[in-house]
Amino acid sequence: MEIDPTLDDAPDIPWPVRRRLLRTGPIRRASWQRRVPAVSVDLVLHFIVAAVVAAEVDVEGGIAYFVTLVATYLVASFGHRVFLQRWWGATIGRLLVGLRCADPQTGRPPTLRRLAFGWLYGLLATIAAVLP
């Protein structure tokens, strides 16, 4: 692995960052034993937020409950997986298991655009997997 000498002067890299963390070579993928619990925690958090909000809207569990549950889940998921992940460098589930999100080309946290497209891709892939 080579070290990019221009990264030492980059203003967006917080101090103190070790040079070994700024390597430009390939980034190792996390193991399934760490990724599955991280995603599970995130899914449960999104669902809890959605269920609490939906219960406030419709206590009886009618159609308004279901619509609110789905809409709130999508909003909570997008906010958490895009904005908070950009801000913190990881989702809450990833932080709990010690993972960080990095752009494979630069090794830095991904951009908002990349995170938003990743979230949208995941949503469309889930819909495609659920539909017959």
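Note that these values count all heavy atoms, side chains included, but never hydrogens, waters or copies made by symmetry. Being a predicted model, the structure only gives us computed values, none of them experimental.
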Identify each donor-acceptor pair in which a side-chain atom of residues 109-131 lies under 3.5 Å from a protein atom, sequence neighbours left out, and give them as a table.
residue: T111; atom: OG1; partner: R114; partner atom: N; Å: 3.2
residue: W119; atom: NE1; partner: S77; partner atom: OG; Å: 2.8
residue: T126; atom: OG1; partner: G122; partner atom: O; Å: 2.8

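To the nearest 0.5 Å, atom CG of residue L96 and atom OG1 of residue T91 are 8.5 Å apart.
With H80 contributing its side chain and A76 its backbone, the two residues share no donor-acceptor pair below 3.5 Å.
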Step-by-step side-chain contact (heavy atoms from CB on, under 4.5 Å) determination, W32 to R35: CA-CA 5 Å; W32 283 102; R35 283 193 283 170; 3.7 Å; yes

Residue pair V57, Y65: steps toward the side-chain contact (heavy atoms from CB on, under 4.5 Å) verdict: CA-CA 7 Å; V57 170; Y65 177 85; over 6 Å; no

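If you chain together hydrophobic residues whose side chains sit under 4.5 Å apart, L45 and V97 never meet in one group. Cluster membership for V39 and V41, using ILVMFWY side-chain heavy atoms within less than 4.5 angstrom, is not shared. Neither Y73 nor V52 shares a network with the other; the hydrophobic side chains, linked directly or stepwise wherever heavy atoms of I, L, V, M, F, W or Y lie under 4.5 Å apart, form separate groups for each. At a threshold of 4.5 Å between side-chain heavy atoms, the hydrophobic network of Ile, Leu, Val, Met, Phe, Trp and Tyr places L95 and V44 in two separate groups.
The shortest distance between side-chain heavy atoms of R94 and Q85 falls below 4.5 Å.
Minimum heavy-atom separation, A50 to L69: CB-O, 3.4 Å.
Counting non-hydrogen atoms of other residues, nucleotides and ligands closer than 6.0 Å to CZ of F47 gives a total of 12 or fewer.
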